[in-house]
Amino acid sequence: MTTESDDHATETFVAHRNLLFTVAYELLGSAADAEDVLQETWLRWVGVDLDTVRDRRAYLVRITTRQALSRLRALGRRKESYVGSWLPEPLLTTPDVADDVELADSVSMAMLMVLETLAPTERAVFVLREVFDLGYDEIAEAVGKSPAAVRQIAHRARAHVAARRPRGAVSPTDTRDALDAFHRAVETGDLQSLFDILAPDVVLLGDGGGVKQAILRPVTGADKVARLLVAGLARVSDATLRPAEVNGHPALVLRVDGELDSVVGVRFDDGLITGLYAVRNPEKLSHMERATALRR
């Protein structure tokens, strides 16, 4: 039998669920692990005396962050034995995510790759402060540090991310136009057009997870990347490459015989493609069939 307190707990959790998922996903880069974190958060939340909670949103974010940090450290150990490159799990996103520029930038494949270079606590502090605008006191409670220590960590993390994040803002329209040009060049085998849009030091990463065939090491350089992409698509019969809104940004989805095969995320720097992230591991494609709502 449910009580009024149970109803209030459920209502509060449901109201903030998209926010909590977004926090967990930005900390983990894995939708599957983020869903597990939400389940763990719920189990702890229903045991809380709500009369003692002053700010329910902040309390839920705190639980979610602690659970995500614990899982992030375990995920780090899994990545050490992962076959090939480990890439973030792509999400088919709703149009409102792209409309929120800061949110879209924070969940982009390019930014999630940058966040991968932070230590777990640095990542949590950066995400909570820069994306969700939490106060230092709130963050300190979530990560188990003093507010003074959190300020120092935030400063260090900001500098680290600033040195690695994409350079030169590209408008959504310009991004779509550039991706359309890339798409046409790959499909038609137009190497020169590919060279025009790829940076000389472009890097292609593939993630098959040991389940599907994918490049095991990064491929670097416009010539190597362009020829690999054109030759790879030419070898696949009945393949279609279509644009989609992934992680708040334009991306390409490859289907073979009508079945989802790969998702290709793109990083732009100063108007050129500097990074291509091809996710083929089927365990990471489950959130590409239905749009995921993200919130700040």
Side-chain angles (χ1 to χ4, degrees), residues 12-31 33-42 44-45 48 53-73 75 88-89 91 93-162 164-166 247-249 287 292-296:
T12 302
F13 186 84
V14 170
H16 295 301
R17 189 190 185 285
N18 291 341
L19 162 73
L20 301 177
F21 176 86
T22 308
V23 170
Y25 176 72
E26 292 211 26
L27 292 184
L28 297 165
S30 164
D33 285 286
E35 293 285 3
D36 288 344
V37 163
L38 257 62
Q39 183 65 25
E40 293 161 2
T41 298
W42 165 251
R44 283 159 178 75
W45 176 242
V48 172
V53 178
R54 180 177 56 83
D55 185 335
R56 295 181 182 182
R57 176 183 183 275
Y59 197 99
L60 279 166
V61 169
R62 186 158 68 243
I63 299 174
T64 300
T65 301
R66 289 174 178 172
Q67 297 306 313
L69 273 173
S70 176
R71 187 166 286 260
L72 182 58
R73 295 183 177 103
L75 188 57
E89 187 174 342
L91 303 177
T93 45
T94 50
D96 61 310
V97 175
D99 293 339
D100 184 338
V101 176
E102 289 185 4
L103 176 60
D105 284 347
S106 72
V107 298
S108 70
M109 295 288 279
M111 179 55 79
L112 290 175
M113 291 297 291
V114 173
L115 294 180
E116 283 293 312
T117 66
L118 290 170
T121 301
E122 287 179 328
R123 183 169 183 167
V125 169
F126 179 85
V127 167
L128 294 178
R129 181 63 183 170
E130 300 301 313
V131 182
F132 297 97
D133 199 29
L134 265 64
Y136 291 112
D137 290 346
E138 288 179 277
I139 299 172
E141 287 191 55
V143 301
K145 302 283 185 182
S146 70
V150 165
R151 286 179 181 274
Q152 290 182 331
I153 294 169
H155 177 76
R156 188 167 64 242
R158 273 195 298 269
H160 181 98
V161 170
R164 292 164 177 81
R165 72 189 312 157
N247 290 57
H249 289 266
H287 281 72
T292 299
L294 301 175
R295 294 287 183 275
R296 295 198 285 159

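None of the values given here were measured: they were computed from a predicted structure.
- Under the salt bridge (charged side-chain N to carboxylate O under 4.0 Å, His left out) criterion, Arg56 pairs with no residue at all, not counting sequence neighbours.
- Inter-residue side-chain proximity for Glu26 and Leu103 is flagged as met; some heavy-atom pair is nearer than 4.5 Å.
- Residues Ala68 and Leu28 approach most closely at O-CD2, 3.5 Å, considering heavy atoms.
- Every residue two or more places apart in sequence or in another chain that forms a side chain to side chain contact (heavy atoms under 4.5 Å, CB included) with Ala293 is listed here: Asn18, Arg295.
- The minimum heavy-atom distance linking Tyr25 with Ala34 is given by the pair N-CB, 3.8 Å.
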Distance-only donor-acceptor hits, side chain of residues 107-115, under 3.5 Å, sequence neighbours excluded:
from	atom 1	to	atom 2	distance (Å)
Ser108	OG	Asp105	O	3.0
Ser108	OG	Met111	N	3.0

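- With values rounded to the nearest 0.5 angstrom, Arg71 atom CZ is found 4.0 Å from Asp36 atom CG.
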For residues 127-135, tabulate all N or O donor-acceptor pairs below 3.5 Å that involve a side-chain atom, not counting sequence neighbours.
from	atom 1	to	atom 2	distance (Å)
Arg129	NH1	Leu134	O	2.9
Glu130	OE2	Arg158	NH1	2.9

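- Every residue two or more places apart in sequence or in another chain was checked for a side-chain hydrogen bond (donor to acceptor under 3.5 Å, both in side chains) with Thr22, and none qualifies.
- When atom types are taken as modelled, the side chain of Arg151 and the backbone of Pro147 share no donor-acceptor pair closer than 3.5 angstrom.
- Residues meeting the salt bridge (charged side-chain N to carboxylate O under 4.0 Å, His left out) test with Asp137, sequence neighbours left out: none.
- Scored by the side-chain hydrogen bond (donor to acceptor under 3.5 Å, both in side chains) test, Thr94 finds Asp96 as partners (sequence neighbours excluded).
- Under the rule for a salt bridge (charged side-chain N to carboxylate O under 4.0 Å, His left out), the partners of Glu116 that lie at least two apart in sequence or sit in another chain are Lys79, Arg123.
- Annotation for Leu60 and Thr12: closest pair CD1-CG2, 3.9 Å, computed over non-hydrogen atoms.
- Between Leu69 and Ala124 the shortest heavy-atom distance is CD2-CB, 3.9 Å.
- Ring pair Phe21/His287 is parallel by interplanar angle, where below 30° counts as parallel and above 60° as perpendicular.
- By the side chain to side chain contact (heavy atoms under 4.5 Å, CB included) test, Ser70 pairs with no residue at all, sequence neighbours left out.
- Residues passing the side-chain hydrogen bond (donor to acceptor under 3.5 Å, both in side chains) test with Asp99, sequence neighbours excluded: none.
- In the displayed structure, Tyr136 atom OH is contacted under 6.0 Å by more than 12 heavy atoms of other residues, nucleotides or ligands.
- Closest of all the heavy-atom pairs between Thr117 and Arg164 is OG1-CD, 3.8 Å.
- Within the 4.5 Å cutoff, the side chain of Gln67 has heavy atoms near those of the Arg44 side chain.
- Atom CG of Leu72 and atom CG of Leu118 lie 10.0 Å apart (nearest 0.5 Å).
- For the side-chain hydrogen bond (donor to acceptor under 3.5 Å, both in side chains) test, residues two or more places apart in sequence or in another chain that qualify with Glu122 are Arg156.
- Separation of atoms OG (Ser146) and CD (Gln152) is listed at 7.5 Å; rounding is to 0.5 Å.
- The line from CD1 of Ile153 to CD1 of Ile139 is 10.0 Å long, rounded to the nearest 0.5 Å.
- Contact between Thr64 and Ala24 at its shortest, heavy atoms only, is CG2-CB, 4.1 Å.
- Glu89 places a side-chain N or O within donor-acceptor distance of the main-chain N or O of Ala31, the cut-off being under 3.5 Å.
- Shown here are the side chain to side chain contact (heavy atoms under 4.5 Å, CB included) partners of Ala98, two or more places apart in sequence or in another chain: Glu245.
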